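Step one of this worksheet: look at the structure below.
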Amino acid sequence: MTVLNNRAKFAGLASITLAATTAAVLFASQAAFATATPGDNGTVKVHDSTTPVTDHQNDPQDVCQFYLDGFGFDGAQSVTWYIDSWPPTGNKTEVLNGSLTMDANGDGYTANQSLPNGHYKLFWNFAGENGAAKQKVFWVKCPGAEPTPTSTTPDGTPTGTPTTPAPNCTCASTPPTTPPPTTPPAPPTQTPPVPAAPAPVAVTGSLPVTG
């Protein structure tokens with residue numbers, strides 16, 4: 001009876017030891033795989049230059065001077081990025097690019113960047129990514145400047161900056177002048193009519209008639 005109990009105890013201890021060893025090997029294998037194969041974890045944001053690097057919640061749509069802030073990636077992961085001008089103000093041409101290596105915690109950020117006012121799209125590529133690049137769209141809106149829109153054809157080819165046609169005007173080149181007032185002519189001088197001589201009156205009396 002004692003021998004059977006000892007064998008049962010030995011078998012139980014062996015099973016526990018085997019299970020613990022298997023779990024340790026499995027955990028070590030998973031850790032090694034995670035280190036050897038970077039994943040798609042991590043987040044990138046476009047921060048205004050006044051936003052602290054540690055502020056992972058702030059993600060403005062409108063910026064002036066800005067920088068790219070990545071965090072939560074794999075340690076020492078290599079990153080390449082580029083920014084395209086984007087409709088409605090751009091034509092999908094590349095305007096900025098760069099690269100950086102994340103620190104041991106998987107965090108990293110660029111220097112401050114500047115672009116003309118307009119709409120843009122960020123593409124963030126990294127070593128070991130399994131899907132598409134991480135992407136962000138944003139507006140650059142600096143005070144006192146206006147974006148220069150560029151119209152495009154359906155295939156994306158820029159057609160140049162639209163111009164505003166000159167207004168059609170048929171008005172006189174110089175305003176008309178008012179003619180000086182004229183003095184009305186003097187009325188003609190009229191000579192008063194001469195009264196007609198009175199008709200002769202017959203003379204009567206006793207004067208002798210002489211011949």
Side-chain angles (χ1 to χ4, degrees), residues 27 30-168:
F27 178 79
Q30 290 177 341
F33 179 78
T35 302
T37 307
D40 288 341
N41 50 299
T43 302
V44 60
K45 292 190 176 183
V46 179
H47 278 333
D48 190 89
S49 60
T50 59
T51 301
V53 174
T54 55
D55 187 355
H56 294 167
Q57 300 301 317
N58 189 25
D59 192 15
Q61 290 297 309
D62 299 343
V63 295
C64 184
Q65 194 175 45
F66 64 94
Y67 68 96
L68 309 179
D69 186 13
F71 52 91
F73 289 88
D74 293 313
Q77 198 167 28
S78 297
V79 173
T80 58
W81 58 268
Y82 63 94
I83 296 175
D84 286 353
S85 63
W86 209 251
T89 61
N91 54 13
K92 300 184 180 182
T93 57
E94 184 176 308
V95 293
L96 274 180
N97 64 71
S99 62
L100 70 157
T101 300
M102 313 308 281
D103 63 17
N105 297 321
D107 302 335
Y109 56 93
T110 69
N112 286 339
Q113 310 292 326
S114 297
L115 284 170
N117 279 8
H119 196 220
Y120 298 92
K121 188 170 185 177
L122 164 68
F123 296 85
W124 179 275
N125 296 95
F126 46 92
E129 69 181 29
N130 298 312
K134 293 185 181 293
Q135 304 171 12
K136 288 282 183 181
V137 291
F138 62 99
W139 287 88
V140 172
K141 293 183 178 180
C142 291
E146 294 296 332
T148 303
T150 301
S151 58
T152 58
T153 58
D155 62 355
T157 304
T159 59
T161 304
T163 57
T164 303
N168 294 325

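Values reported hereafter were calculated over all heavy atoms of this structure, with side chains retained and with hydrogens, waters and symmetry mates removed. Values in this document were obtained by computation on a predicted structure and should not be read as measured data.
- For the pairing with Gln65, the side-chain contact (heavy atoms from CB on, under 4.5 Å) check across Asn112, Leu115, Val140 returns one residue only, Asn112.
- Taking every heavy atom of both residues into account, Gly108 and Met102 meet most closely at N-CE, 3.1 Å.
- The aromatic rings of Tyr109 and Tyr67 lie perpendicular to each other, with more than 60° between the two planes, well past the 30° mark.
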| task | Before giving the answer on side chain to side chain contact (heavy atoms under 4.5 Å, CB included), spell out for Thr101 and Val79 the whole-Å C-alpha distance, their side-chain angles and the decisive distance to 0.1 Å. | result | CA-CA 6 Å; Thr101 300; Val79 173; over 6 Å; no
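- Taking CG of Asp62 as the reference point, atom CG of Asp48 lies at 10.0 Å (rounded to 0.5 Å).
- Of the possible polar contacts, none joining the Asp84 side chain to the Trp86 backbone as a donor-acceptor pair under 3.5 Å is found.
- Within the 3.5 Å criterion, the main-chain N or O of Asp59 finds no donor-acceptor partner in the side chain of Lys136.
- Between Asn105 and Phe71, the closest side-chain pair of non-hydrogen atoms is not below 4.5 Å.
- Within the 4.5 Å cutoff, the side chain of Thr43 has no heavy atoms near those of the His56 side chain.
- The structure places OG of Ser85 at 11.0 Å from NE2 of His119, a figure rounded to the nearest 0.5 Å.
- In this structure the side chain of Asn97 never reaches within 4.5 angstrom of the side chain of Thr80, judged on heavy atoms.
- Under the 4.5 Å side-chain criterion, counting only non-hydrogen atoms from C-beta, Lys45 is not in contact with Thr51.
- Within the 3.5 Å criterion, the main-chain N or O of Ala127 finds a donor-acceptor partner in the side chain of Gln77.
- Taking the side chain as every heavy atom from C-beta outward, Thr110 and Trp81 approach each other to under 4.5 Å.
- Looking at heavy atoms from C-beta onward, Phe73 lies in side-chain contact with Trp124 at the 4.5 angstrom threshold.
- Looking only at side-chain heavy atoms (C-beta outward), Ile83 and Phe138 come within less than 4.5 Å of each other.
- Closest approach of His47 and Pro60 over heavy atoms only: ND1-CD, 4.4 Å.
- Contact annotation: the side chain of Phe126 never approaches that of Val44 to less than 4.5 Å [non-hydrogen atoms, C-beta and beyond].
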